[in-house]
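The block underneath contains the structure these notes are about, expressed in structure tokens.
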Amino acid sequence: MHFSPEIEERLAQLQEKYEAMGQDMTSYLDGLLYADFLTYWDYIHLDTLLSLQSPKTPFPDEQIFIMYHQITELYFKLVLHECEQITAAQPLTPLFFTARLKRINNYFEALTQSFDIMIDGMEKEQFLKFRMSLLPASGFQSGQYRMIEIYATDFINLVAKDKRDELRNKTIEDQFEYIYWKFGATELSTGKKTLTLKQFEKKYAKTFIDLGKAAASNNFYALYNQLKSKGESTAELETELKQLDTNVNVNWPLVHYKSAVRYLNREPEEIKATGGTNWQKYLPPRFQKRIFYPGLWNEQELENWGKAWVEKVLKDVDAKG
Ligand code: HEM
């Protein structure tokens with residue numbers, strides 16, 4: 001049998017590769033000979049993936065709720081994958097930073113556009129029943145979502161807005177005590193921390209504080225400021241950062257809020273949120289003014305953060321009934 005020059009060349013390269021590691025190439029070729037062909041379903045662990053949906057009730061629409069949360073968490077993982085690459089890049093160039101931010105923006109835009117799967121895709125009657133079996137779990141407890149926020153900005157920008165000035169030069173631990181989301185998760189009636197929050201902190205507080213410390217001078221805002229102070233051209237980067245701010249702090253929160261209004265607004269009384277929050281006061285972006293990059297917006301934009309949008313969302317939902 002004759003081997004083509006291409007095959008001979010590959011064999012020589014393989015021989016070199018294995019020799020360098022003190023390995024016997026023939027044994028590896030045997031391995032190749034006996035190995036099964038890779039299948040699609042094994043490669044992406046399809047059977048495992050499709051076995052991860054375990055409803056707590058017999059209502060069919062609970063499956064949709066579970067799967068859409070899982071899809072969202074996978075997107076969050078894609079976002080975090082880019083966050084890790086940006087913060088690890090040595091040296092980080094505006095070009096690479098911008099390209100990776102574009103990917104993150106695409107992921108968030110896909111999530112925002114697909115949120116109708118929640119808003120219109122489940123029967124309200126089923127939702128209101130199966131959610132009672134899920135207490136006190138809530139999407140509020142998405143650790144990945146909170147990690148994305150920590151990568152995106154200086155920790156101080158995640159502190160409740162009336163505490164920012166006071167805590168500006170304090171440690172990450174001190175700032176964490178007043179991170180904005182703790183305020184959302186207090187019980188309506190007693191003002192105490194909800195069980196949803198207590199459990200979330202027990203699992204993730206250390207992870208968030210450690211990440212906050214690691215990202216102190218290595219988050220997107222800090223990295224942008226470092227590039228800018230070096231005189232690098234950052235115009236395109238600024239556009240992507242502003243888009244990210246809008247995607248994470250206005251657009252996604254608004255479509256999400258729309259689902260809360262759709263399912264939890266019921267005259268005359270409001271339906272309690274699964275996490276026990278005062279969600280009407282907590283979820284609308286205009287109340288909390290979470291803004292990753294305050295230095296990139298003008299005064300009017302900061303003043304009107306999320307405002308017109310919230311009014312529109314409420315009107316749309318009212319019109320639908
Ligand atoms: C019908 C669909 C949904 C409704 C009615 C809903 C409702 C709520 C409510 C009321 C809260 C406030 C916390 C609480 O009291 O539980 C919340 C928070 C949250 N939910 Fe959802 N949610 C829905 C779908 C989703 C999905 C698909 C995700 C994706 C992971 C998600 C992620 C979150 C996150 C990250 C928070 C915290 C937001 C923040 O702190 O500003 N939710 N949700």
Side-chain angles (χ1 to χ4, degrees), residues 53 59 61-80 107-108 110-132 134-150 152 158-161 179-189 192-201 204 208 247-266 270-292 305-306 310 313 317:
Q53 294 72 39
F59 297 103
D61 285 3
E62 191 191 343
Q63 287 274 8
I64 303 165
F65 192 66
I66 294 173
M67 276 187 261
Y68 190 72
H69 276 82
Q70 292 178 334
I71 289 166
T72 306
E73 289 293 342
L74 281 176
Y75 270 101
F76 288 165
K77 190 171 178 187
L78 282 171
V79 172
L80 285 170
Y107 301 145
F108 266 102
L111 284 176
T112 302
Q113 280 155 22
S114 63
F115 214 87
D116 278 351
I117 293 171
M118 287 289 94
I119 299 169
D120 293 327
M122 298 182 297
E123 279 181 18
K124 185 168 173 175
E125 288 63 36
Q126 290 192 34
F127 175 80
L128 289 177
K129 285 179 186 143
F130 72 68
R131 66 192 283 280
M132 302 316 287
L134 315 180
L135 293 168
S138 165
F140 177 90
Q141 296 173 316
S142 168
Q144 291 201 107
Y145 185 81
R146 310 302 183 192
M147 287 184 227
I148 293 168
E149 295 180 315
I150 296 172
L158 303 176
V159 166
K161 70 175 184 308
I179 196 158
Y180 77 85
W181 40 260
K182 293 197 188 181
F183 288 87
T186 47
E187 240 150 37
L188 289 176
S189 45
K192 281 193 195 140
K193 278 187 185 184
T194 57
L195 179 56
T196 306
L197 175 59
K198 284 189 202 153
Q199 292 192 323
F200 186 46
E201 285 192 78
Y204 286 110
F208 295 152
N247 281 337
V248 182
N249 290 322
V250 182
N251 296 348
W252 189 84
L254 277 178
V255 284
H256 172 263
Y257 177 57
K258 203 166 155 181
S259 70
V261 174
R262 155 98 164 83
Y263 291 99
L264 303 177
N265 242 6
R266 186 170 57 185
E270 305 296 347
I271 301 164
K272 267 201 194 165
T274 37
T277 56
N278 189 352
W279 62 270
Q280 296 94 332
K281 294 237 164 64
Y282 174 66
L283 290 180
R286 77 178 146 117
F287 293 142
Q288 295 191 40
K289 291 214 169 155
R290 272 137 60 181
I291 302 175
F292 291 155
W305 192 256
V310 174
V313 165
V317 172

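Each ligand, and each atom within it, is numbered from 1 in the order the structure gives.
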For [X], atoms of ligand 1 separated by under 4.0 Å from a heavy atom:
X: F127; result: 1 (C), 5 (C)
X: G139; result: 19 (C), 20 (N), 32 (C), 33 (C), 34 (C), 35 (C), 36 (C)
X: M118; result: 2 (C), 27 (C)
X: F65; result: 2 (C)
X: L264; result: 10 (C)
X: Y68; result: 27 (C)
X: Y145; result: 35 (C)
X: Y263; result: 1 (C)

Would you check whether [X] has a nitrogen or oxygen atom less than 3.5 angstrom from a nitrogen or oxygen atom of ligand 1?
X: R290; result: yes
X: Y282; result: yes
X: S138; result: yes

Quiz item: With sequence neighbours excluded, what pairs up with E62 under the salt bridge (Lys or Arg N to Asp or Glu O under 4.0 Å) test?
Solution: none
Quiz item: When the ring centroid of Y145 is compared with that of W181, is the distance short of 6.0 Å?
Solution: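 Distance test on ring centres: not under 6.0 Å, no.
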Quiz item: If only atom types and distance count, is the side chain of R262 paired as donor or acceptor with the main-chain N or O of I119 below 3.5 Å?
Solution: yes
Quiz prompt | Expected output: side-chain D61 to main-chain E123 donor-acceptor under 3.5 Å | solution =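 Answer holds: yes.
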Quiz prompt | Closest to atom 2 (C) of ligand 1 among A260, P284, S259, P285 (heavy-atom distance) | solution =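 Ranked by closest heavy atom to atom 2 (C) of ligand 1, first place is S259.
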Self-check item: Minimum non-hydrogen distance to atom 37 (C) of ligand 1, winning option of H256, R146, H69, Q141
Solution: R146
Self-check item: Sub-4.0 Å heavy-atom approach of W252 to ligand 1
Solution: yes
Exercise. Consider ligand 1: state whether an atom of it lies below 4.0 angstrom from any non-hydrogen atom of M122.
Key: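 Distance cut 4.0 Å: M122 passes for ligand 1.
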Quiz item: Going by heavy atoms in the side chains, are Q288 and F183 under 4.5 Å from each other?
Solution: no
Practice problem: Answer whether the closest heavy-atom distance between the side chains of L254 and V250 falls below 4.5 Å. | Solution: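 Touching, per the 4.5 Å side-chain cut-off.
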Self-check item: Atom pair CD/OH of Q141 and Y204 - distance to nearest 0.5 Å
Solution: 8.5 Å
Practice problem: To the nearest 0.5 Å, tell me how far L78 CG sits from I148 CD1. | Solution: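 It comes to 9.5 Å.
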For ligand 1, indicate whether the residue [X] contacts it via side chain, backbone, both or neither (heavy-atom separation under 4.0 Å).
X: T196; result: neither
X: F183; result: neither
X: Q288; result: neither

Quiz prompt | Partner set under ring pair (Phe, Tyr, Trp, His ring centres under 6.0 Å) for Y282, not counting sequence neighbours | solution =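 Testing Y282 for ring pair (Phe, Tyr, Trp, His ring centres under 6.0 Å), a comparison that skips the adjacent residues, returns none.
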Quiz item: With distance as the sole criterion, is a donor-acceptor pair present between the side chains of S142 and E73 under 3.5 Å?
Solution: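 Side-chain D/A pair, S142 to E73: present.
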Quiz item: Do Y68 and S114 have a side chain donor and acceptor closer than 3.5 Å?
Solution: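 The answer is yes; a qualifying pair exists.
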